[in-house]
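Let me begin by presenting the structure, written as structure tokens, before commenting on it.
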Amino acid sequence: FQAEDGIRDFCLSRGLGDVYKRQIVGMSQLGNKVGFIGKVSDDELGSKYEEGLKKENVEYFYSKKKEELPTGTCLILVTPDSERTMCTFLGTAGKINENDVSSDAIKQSEIILLEGYLWDEGEPYKAFDKVILSGIKVALSLSVQFCVDRHKPHFLDLVKNKLDITFANEQEMMSLIDAKDFLTAHLMFLLKLDDNGLSLIRQYLKQNQDTYYYFDPIHNCLLLFLE
């Protein structure tokens with residue numbers, strides 16, 4: 001790695017895994033039994049990735065092999081005032097398919113978190129669908145706004161009809177439902193309303209009367225604004 005003109009006094013470090021790996025490692029460190037499904041190639045980075053998971057007592061449900069594409073990488077540039085730019089190459093991770101998803105691992109799970117960044121037409125779609133149709137409780141992170149912009153009809157269908165939990169920040173949620181001015185919201189949770197969910201929401205709002213909320217009758221969802 002070489003600094004271009006105008007870039008000085010930088011430090012370089014290398015870490016393994018994205019935010020989802022860190023979350024799953026954190027859950028493992030808290031004493032939970034957790035597993036991870038993610039596609040890597042049988043190369044240096046793929047081996048280090050697998051070793052890192054096993055070191056943290058995370059069960060890795062994938063048998064790596066030499067793939068056409070290498071293990072994915074992400075170059076993250078962080079300025080001294082904490083601004084961040086990410087340059088991501090998904091590599092073989094973006095080629096995950098239904099055959100890479102262990103049916104036994106699904107059956108052993110209480111809840112499965114899917115990464116919206118990997119969702120795409122074709123093979124990844126089939127992998128996601130295999131999990132969603134399993135009957136296990138499923139959560140999805142919308143990941144980043146451009147993913148929502150790119151896959152909005154599909155994500156909206158998932159949120160409305162197939163998911164139990166959706167994680168999103170303000171920009172992602174605003175993009176999903178084409179909201180214009182939720183400027184006071186720091187974080188928004190979207191909950192699919194069934195009888196149990198509605199009861200929990202009513203109980204929460206009764207205990208937290210200063211909470212701002214908005215019910216969207218078109219998409220049958222409730223937005224909670226947490227200050």
Side-chain angles (χ1 to χ4, degrees), residues 11-76 78 82 84 86-120 123-144 147 158 162-169 172 187 189 191:
C11 62
L12 177 65
S13 62
R14 185 171 75 171
L16 301 175
D18 59 8
V19 63
Y20 300 95
K21 185 202 169 191
R22 295 195 296 274
Q23 289 172 348
I24 212 74
V25 166
M27 293 180 66
S28 175
Q29 292 174 345
L30 291 171
N32 297 286
K33 184 178 180 181
V34 294
F36 185 86
I37 300 174
K39 195 164 187 175
V40 300
S41 185
D42 188 7
D43 52 25
E44 180 186 359
L45 291 179
S47 296
K48 289 185 177 297
Y49 194 92
E50 183 176 11
E51 291 169 7
L53 288 172
K54 291 181 177 179
K55 183 179 178 181
E56 296 292 347
N57 296 317
V58 176
E59 190 168 357
Y60 188 40
F61 295 108
Y62 184 71
S63 298
K64 68 179 183 299
K65 56 185 180 295
K66 198 67 177 177
E67 306 284 353
E68 292 183 12
L69 294 173
T71 298
T73 56
C74 181
L75 176 63
I76 307 174
V78 184
S82 301
R84 183 187 69 178
M86 302 177 68
C87 305
T88 302
F89 169 63
L90 287 177
T92 196
K95 299 298 182 181
I96 192 168
N97 61 65
E98 58 186 322
N99 297 321
D100 299 321
V101 179
S102 166
S103 297
D104 290 337
I106 294 175
K107 292 176 183 177
Q108 296 174 34
S109 304
E110 293 183 23
I111 185 169
I112 297 177
L113 172 62
L114 302 175
E115 181 179 356
Y117 204 94
L118 292 179
W119 200 98
D120 210 341
E123 293 183 342
Y125 171 85
K126 294 178 182 178
F128 273 45
D129 220 34
K130 181 175 181 178
V131 174
I132 292 169
L133 296 176
S134 68
I136 303 296
K137 185 173 288 187
V138 177
L140 172 74
S141 169
L142 298 187
S143 294
V144 68
C147 287
L158 289 174
K162 299 178 180 179
L163 299 174
D164 298 288
I165 303 170
T166 302
F167 294 99
N169 65 21
E172 293 155 8
L187 186 64
F189 292 93
L191 306 172

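Any value given below was found using the heavy atoms of this structure, including those in side chains, with hydrogens, waters and symmetry copies removed.
No side-chain heavy atom of Phe61 sits under 4.5 Å from any side-chain heavy atom of Phe36. Residues Cys147 and Glu172 are not in side-chain contact: their nearest non-hydrogen atoms beyond the backbone lie 4.5 Å or more apart. Here the side chains of Leu140 and Trp119 are not in contact, with every heavy-atom distance at 4.5 Å or above. In this structure, Leu158 and Ile132 have side chains that are in contact, with non-hydrogen atoms separated by less than 4.5 Å. At a threshold of 4.5 Å between non-hydrogen side-chain atoms, the residues Ile136 and Val131 do not count as touching. Taking the side chain as every heavy atom from C-beta outward, Lys39 and Asn97 approach each other to under 4.5 Å.
Pairing each heavy atom of Phe167 with each of Ala139, the nearest pair is CE1-CB, 3.9 Å. What you find for Ile37 and Ser102 is that their closest heavy atoms are CD1-N, 4.3 Å.
Note that CG of Leu53 and NZ of Lys55 are 12.0 Å apart. Values are rounded to the nearest 0.5 Å. Distance CG/Asn99 to CD/Glu123: 8.5 Å, rounded to 0.5 Å.
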### Message
Is there a side chain to side chain contact (heavy atoms under 4.5 Å, CB included) between Leu45 and Val40? Walk through the geometry before answering.
### Response
CA-CA 8 Å; Leu45 291 179; Val40 300; over 6 Å; no
### Full working for side chain to side chain contact (heavy atoms under 4.5 Å, CB included) between Ser134 and Lys107
CA-CA 8 Å; Ser134 68; Lys107 292 176 183 177; over 6 Å; no
### Query
Glu50 and Lys48: salt bridge (charged side-chain N to carboxylate O under 4.0 Å, His left out), yes or no, with the steps?
CA-CA 5 Å; Glu50 183 176 11; Lys48 289 185 177 297; over 6 Å; no
#### Entry: Derivation of the side chain to side chain contact (heavy atoms under 4.5 Å, CB included) call for Glu56 and Ile24
CA-CA 9 Å; Glu56 296 292 347; Ile24 212 74; over 6 Å; no
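For the side-chain contact (heavy atoms from CB on, under 4.5 Å) test, residues two or more places apart in sequence or in another chain that qualify with Asp42 are Ser47, Lys64. Lys33 pairs by the salt bridge (Lys or Arg N to Asp or Glu O under 4.0 Å) definition with nothing, not counting sequence neighbours. The side-chain contact (heavy atoms from CB on, under 4.5 Å) check on Asn32 picks up Met27, Leu30, Val34, with sequence neighbours excluded. Taking Tyr60 as the reference, nothing meets the side chain to side chain donor-acceptor pair (under 3.5 Å) condition, with sequence neighbours excluded. Shown here are the side-chain contact (heavy atoms from CB on, under 4.5 Å) partners of Lys66, two or more places apart in sequence or in another chain: Ser41, Asp43. Residues that satisfy the side chain to side chain donor-acceptor pair (under 3.5 Å) test with Asn57, not counting sequence neighbours, are absent from this structure. Listed by chain and residue number, Ile111, Asp164 satisfy the side-chain contact (heavy atoms from CB on, under 4.5 Å) test with Lys137 (two or more places apart in sequence, or in another chain). Listed by chain and residue number, nothing satisfies the side chain to side chain donor-acceptor pair (under 3.5 Å) test with Glu51 (two or more places apart in sequence, or in another chain).
No donor-acceptor pair closer than 3.5 Å links the side chain of Ser82 to the backbone N or O of Val78.
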Indicate every side-chain donor-acceptor pair of residues 88-96 with a distance under 3.5 Å to a residue at least two apart or in another chain.
none

